[in-house]
Structure formats: structure tokens, C-alpha cells
K.L.:
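Would you mind keeping the following structure in view while I ask a few things?
Counting starts at 1 for both ligands and their atoms, in listed order. In this text the structure is predicted, and so the values were computed from the model without any measurement.
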Amino acid sequence: MQTHNLGYPRIGSKRELKKACENYWSGKISLAELKLKGREICLQNWKLQQDAGIDLIPVNDFSYYDQVLDMSLMVGAIPQRYHQILENHGKEELDLYFAMARGYQKEGLDITAMEMTKWFDTNYHYIVPEFNKNQSFKLFSTKIIDEFADAKQQGIKAKPVILGPVSYLLLGKEKEEGFDKLDLIKNLLPVYIDILDKLSKYGVEWIQFDEPFLAMDLGEKAQQAFKAAYYEIKKKFPSLKTIITTYFESLRDNLQLATSLPVCALHIDLVRCPEQLEETLSALPENMTLSLGVVDGRNIWKNDFQKSLQFINKATEKLGEASVMVAPSCSLLHSPCDLDLETNEKNLSKEIKNWLAFAKQKLDEVVILKKLATENVSGKLSTQYLENKGAIENRKKSLLIHNDKVIKRMNAITDSMAKRENTFPVRKIKQQNSLQLPIFPTTTIGSFPQTPEVRSWRAKFKKGELTATEYEAKLKKETEESIRWQEEIGIDVLVHGEFERNDMVEYFGEQLKGFAFTKNGWVQSYGSRCVKPPIIYGDIERLSPMTVEWSSFAQSLTQQYVKGMLTGPVTILQWSFVRNDQPRSQTCNQIALAIRDEVSDLEQAGIQIIQIDEPAIREGLPLRKADRENYLKWAINAFRLASSGVKDATQIHTHMCYSEFNDIINHIAAMDADVITIECSRSQMELLDAFAEFNYPNEIGPGVYDIHSPRVPSKKEMVELLKKAAKVIPAENLWVNPDCGLKTRHWEETKKALEEMVAASAEMKAAFLAKDDQTVV
Ligand code: GLN
Ligand code: ZN
């Protein structure tokens, strides 16, 4: 039995790589210094895994930005627009690489970055490969070979990790019409062969091909591509030990395909999909090793040794010890680095800490599991086993987790709680009568710029350098200024600005019972950006109102409406580490009840418009089509549970910022928010087509400007977009707003852009009122 790891976090336990990259980008350190840091992290990670006792240690899992971009550079899939950087400016490979990731605005060049998108259903984002019809590939970057050689020289038993050719192609995007990216496999394979050839010369024994698509819905062509690729590799390298890894889903209908590929080992995710063990065992050919992903690479809970040992024993009984490998379920890239760094008991009590394992601890778990499964002496008497059992039992019974009050409320949920009093047409009239908003009303999505100053107050407050009263006074002043300014430029529905919030999930988590926090639990989101998800460990209860004070304060300053601003239950769930001892749907409903109470309290306090943000609803969509309806059913219901406890005249908004609503538009409509604001400007309103085709009944605010860039859009552009929108959506259903919150922008551009936006709305208002037939097109 061997242990192995699929990948280790590369950002560094203190985010060293993040800092080094950012310092390099801003010119504070040299390329040589950056590379030194990168290598230091590699060495540390290898050593750490070696010391932990992992048998096969991944290399090439390190990346300066993203492992998919690494692949594009490796196989020379470098879009034409970047060629001039190398040709004319004599840049290093890594500069080209960062240009592809981040764009390049220097030396008179202005080259856009490559697109970025989510890595399956994680919060990690990869750089999307770009393919052309006659795409050719050639070995360009030798990073994998260099890293392998380096590791080998350090005495590391290294297993290079490479994104498999089929998954690499499937992750990419065709940049022109008239071809299928899978057709490129024949051009791509020779580069893989070239790489394997070079690795073989360095004496590679094992190699890991990540093929997550093998666990997704696959077409015929993709299945053929899998066969073609791995037969070719086997033919060229008959004695190479190849392992194909799948994760985040189960093999299901691809089981026959997966077990028929000529590879030495197959890795399956038994944390997400424990049910696939049985059938995989029966389908596995005699000469194939099964790698059991038993330690959760996506969540922070301690492994349940008893459960994992059952899996391992079942596999060894069937296959024999030599044909079983033990591993985390997926790359540990998605786990925070090291639980030992969490020493602040106020954030994370000793009891809760004892239930957790981060990447470093997960390595130990993998090694202990092998030991327990293979040692003759009864493992069940070892201290490690008993300690683990104690922790698992303590968690099951802990008073911290179970809250009878919450359970009672959960049991009392009725269908009618997820329904507004009346349907939208009735509500619309009541809302119109009570709110008296103009046509093409203007609003923003919630947050205003979080200046370094605002952030410094929060830091000082946390360190105790500002008292609560001082901190609050500063925030109040900032809020008041923003209200005054919104009044001045003539925005119709105001927001308080969210200056008091660090993060839209953390802010609520900190006020809810059942949440814990880490100090260093960072996980890479994209490039140098990391997130620190809160941990939902127990039943969720709202102890007191969370936003009412700020909203009421803001509302007290003005005669105009100020929107209440909440984060929705699905988004809070999605952006946290979630408990694994009950279904996600149940946890989501607990959050929904807490938000529902907050909505009621806001209404009681006189807030007549309340926004519940759900930017994460779509990313929670299961990877397999067959599972989607079920998810959407409970997710949409949780939103409705949170939002339906108000009077008809209270206007509920929701906000989402992603594209592609086409396939879920009926569910978006089923959320039954009175108003939905969405990101739209980057697609030039194309997104609205889904709403138009569906005849979306409620009101919509299609974002009229992209907030991701400091560029100030002109009134003219926004009028154009609004006209486009008014062609497909009735004018009386349209709102005017930016794509998303303005937290990351500066005030200077924000002010200019919103003034232009208000002017654009005014032009639309005037045009609308001037026309007898009331069409603006
Ligand atoms: N209300 C939030 C904000 O304005 C919404 C953020 C989001 O959609 N991600 O920042
Ligand atoms: Zn948004």
C-alpha cells in the first residue's frame, strides 16, 4: 500500500507567494528574488510531505498563478496577442506568463488578460486556454521537467502532476468557429509524449494525470479522446506508472471507460461520492491499482478513521494491499495550510479546533490511515486511532453544535413561509403606490469604495487602537457623506455603503451562532488572491439584529429610500466551510431562518426596500446535470424562506453577478424577488436575452457598467445599453445600476461613473415620458 498526495497548497502558510508575486508586480523585488521565493516554497512543501511520510510526493503542483495557465505555457498555447511581448521586449518566460494572466499595459502595449473562470464547483479560478482552428502545440515551458529534476536531486520521491490532455482541452475555449477543441488532441498529444520522454530521461517512475472530466457528463467524442490519448501514451511508454485522478464527482456512466483505460492506477473521490467504491471495485481490472481519496481535500473536518478504514479494508480485501493507494480526495490546494497556526482561542475554541484538519494535518491523516490499515497489531488500540475516535465522538455530541431552539424552528417550517402574500402583479401595484419610484429608477448594488482609510480604522479597532465608539463615529461620518453625495447626484434608491463590513459573508458569520473563524485559514481563489472562508460548525442562530442599526441610521439621514442590504443563505453557505454532519440543504435553511428574521426586523424598522444578495447561487450548481434540479429546488426555496416574511408593499431585491442564466432562468424567476440586479455590461446586455425569451415577469436592473475596471463609462454608452435593454424588457420593469458593488473601486472614478449613470437614466426617463406610445426604442 502506498500513500500519495495529489497537490499541496502553494500560496504558503503565511501567504508568502502572494506577497512575493505582488511585490514583483509592483516592482519591489526582482524576478530572481521571486523565483527564489517560489523555489523555497517548493522545497518546503516537498520536505514537509516527505517528513510526514507520504510515499509519492507531487511536483509541478506548484504554480506562480494557476496550474492550467502553466499547462498552456508548457504546450505553447500562447495566444497571438502576447507574442509581441517576447519578440519586441525580450521578456522572460515568467513575464509573458503574468501578462497572459493579468494583461499587459506597458511600453505602449495594451494587451488584455486571458479569461478566468471557476475550477469546477470550487472557489478556485483558472485561466481559460484559448484555442484556434489550426492550433498547434509545442513544448514551450519546461517547468515540469525542471521541478522534477530539482526534487529528485533533493532526494524527494517525486511524482510529477500534469493536467491530462482531455481535461486540458475541455477546460479551454474555441476562439473561432468551425472546429471542435477535442479535435486538437492529435496536435496536443505529441507535446505530452515529448514531456514524458524528457521526464523518462530523468528517471520518472510515477506520473499523475489529472482528468477531472472523467467524472463529469461526457459526450461520445470526449470518451474517444480519452481512449486515444491513453492508448498512445501506453504504447510509447509501456513501463511508465500512470495514475489518472478524478475528483469532485463520481465516475457513474464513465466507469467502464475509466476502468478500460490502459493506466496503472485510478484515483476516485470517496469523500464526495463514497457510493462509487463498490461498483468501481467490481469493474476494476486485475492489473489496475485503486487510489482511494478518503481524506477530504475540500473541507476542514478531521477524517473519521473508522469510516475511512472501512473503505480501505474493503478495497484491500478485493484487490490486495499492493493494489491500493491512500490519498486525499483531491488536491489540497482547496484546503487552508496549517491548523497549528490557529492559536487564537477567541476565534476558534480548543474544542472546535480538535475537530479540524488543514492541509498539513491531512497529510498526517493519510499516513496514519495507511499505518492503521497495514500494521498487524490491531490498529484500533493505537493512541492515534483512539484520539481520532474521541474527537469524532466529541463533535457528534458537543453542546456547541446542537441547538434545540433551532431544531424546533426547522421542524416548524411550512410551505407557506416560502411564499409572499400575493403574486408579483399584485405586489407591484402596492409597491408602486407606496414607493412612488420614477421610471428607470437608479440604484447601486450596495458597497461603496473601501478606502485604505476605512480599512485602517477596522484594523485599528480590531487591535484595540480605536474604541468601539470612535470606530463607529468614523463609519457614521463616512456613511453620512455617502448618503449626502447620493442625494446630491440624484440617485433614486440609496444604499448605506457597507463601510462597516469586511466581507459580505464574514460580516454575517461573525454575528451568527454556529460560525467559527480562522486567522490564517487562507485558500487560493485566483492568482495572488486568497479567501478565508468562515467555518459553519453548528446549528445557526441569529442572536440579535445584525444590520438594523446601520440601515436605520442611514435611513434616518434622508427622505429617500435606503435599501437594506443582506447576504442570502445560499451565498453564505457556498462561501463557507460547511459542516458535513447534515445535508447542505438543512444548513442552508437554518441560515435562511436567520436572514428571514433580519428581513422582518428591517421591515419593522421602516426599511421598505431590502436587497438579499445571492451571487453564489449558480456556482453551487452540481457538476452532473442529473443532480441540478434537486439542488435548485432547495436553494431557491431557502432564498424564498429568507425573503417571503414581508408585506407585499415591501420590495425585495436580489443581486447576482455572473453570466449565463439561460439554463436556470426558470429557477431565477422562481426566486420571485421583486427586483433582480445582474451583471450585464460585459456581455453588452446579451445576457438579458434569456430574461426576454423567458418573459421574465418581475423587475430587472441589468448592470450598465463594468465595475471591474477603473474606466469611467460615458452617459452615451449607458444610454445605448439601456436602449438595448428596453428593446427586450418592458421599460416599466427596468432599473438602472452598475454591474456589482463598488467596494474595490476608488471614489474618484466611482463618483464620475455614477453621475454619468444618473444622467443616462434621466435621458431615458425624458425619452420615455415624451413618447405617447411609451416605447423608448
Ligand atoms: N452588496 C454587495 C456589494 O455591493 C454585493 C457583492 C457581490 O455581489 N459580490 O458589495
Ligand atoms: Zn455582484
Side-chain angles (χ1 to χ4, degrees), residues 116-118 123 125 442-451 454-455 458 475 478-479 482-483 486 491 493-509 525-526 529 531-534 546-547 550-551 554 562-576 595 598-599 602 607 609-620 639 642-643 652-661 668 671 673 675-683 687 700-709 735-747 749-750 753-754 757:
M116 184 167 76
T117 197
K118 276 177 162 296
N123 212 352
H125 302 70
T442 49
T443 191
T444 59
I445 305 304
S447 59
F448 279 131
Q450 288 247 334
T451 57
V454 172
R455 275 180 276 139
R458 184 153 43 247
L475 291 177
E478 194 78 6
T479 308
S482 96
I483 293 281
Q486 291 172 82
I491 296 208
V493 173
L494 316 191
V495 295
H496 76 284
E498 302 181 25
F499 302 109
E500 76 287 6
R501 301 185 189 178
N502 35 5
D503 170 273
M504 65 186 287
V505 169
E506 201 173 35
Y507 183 73
F508 290 91
S525 171
Y526 65 88
R529 248 194 79 94
V531 291
K532 195 155 60 70
M546 304 182 283
T547 64
W550 280 110
S551 282
V562 180
K563 264 197 283 193
M565 195 56 63
L566 305 172
T567 303
V570 187
T571 299
I572 292 182
L573 180 87
Q574 198 60 31
W575 291 351
S576 302
I595 300 295
E598 187 69 15
V599 170
L602 283 170
I607 306 296
I609 306 182
I610 300 165
Q611 178 173 313
I612 306 173
D613 292 322
E614 281 290 21
I617 275 199
R618 192 177 208 292
E619 68 185 55
F639 176 84
S643 60
I652 298 287
H653 289 220
T654 190
H655 164 73
M656 291 172 194
C657 39
Y658 45 74
S659 43
E660 291 180 36
F661 291 89
I668 304 283
M671 289 168 76
V675 182
I676 181 171
T677 54
I678 53 169
E679 177 194 320
C680 243
S681 75
R682 277 192 288 189
S683 76
L687 256 178
I700 311 180
V704 290
Y705 82 86
D706 179 11
I707 57 90
H708 296 92
S709 138
W735 283 67
V736 180
N737 47 264
D739 270 344
C740 190
L742 297 157
K743 191 173 169 181
T744 55
R745 296 268 60 88
H746 297 291
W747 269 115
E749 73 241 18
T750 298
L754 288 178
M757 187 188 86

K.L.:
For the residue pair Trp550 and His496, does the interplanar ring angle fall in the parallel (under 30°), tilted (30 to 60°) or perpendicular (over 60°) class?
P.N.:
parallel
K.L.:
Are side-chain heavy atoms of Phe508 and Ile572 found at a separation under 4.5 Å?
P.N.:
yes
K.L.:
Does Thr677 have any side chain to side chain donor-acceptor pair (under 3.5 Å) partners at least two apart in sequence or in another chain, and if so, which?
P.N.:
His655
K.L.:
Under 2.8 Å from the Zn ion (ligand 2), which protein atoms of type N, O or S occur, listed by chain and number?
P.N.:
His655 NE2, Cys657 SG, Cys740 SG
K.L.:
So do Arg618 and Lys118 actually touch side chain to side chain, heavy atoms under 4.5 Å?
P.N.:
no
K.L.:
Are His125 and Arg529 side-chain neighbours, meaning at least one heavy-atom pair lies under 4.5 Å?
P.N.:
no
K.L.:
Residues two or more places apart in sequence or in another chain: which of them pass side chain to side chain donor-acceptor pair (under 3.5 Å) with Ser447?
P.N.:
none
K.L.:
Using a 4.5 Å cut-off on heavy atoms from C-beta on, say whether the side chain of Gln486 contacts that of Ser482.
P.N.:
yes
K.L.:
Distance-only, no hydrogens or angles: does the Glu749 side chain make a donor-acceptor pair with backbone N or O of His746 under 3.5 Å?
P.N.:
yes
K.L.:
Got Glu500 and Tyr507 here, is their nearest side-chain heavy-atom distance under 4.5 Å?
P.N.:
yes
K.L.:
Kindly tell me which protein residues have any non-hydrogen atom under 4.0 angstrom away from an atom of ligand 1, grouped by chain and ordered by number?
P.N.:
Ile445, Gly446, Ser447, Glu498, Met504, Met565, Asp613, Pro615, His655, Cys657, Cys740, Gly741
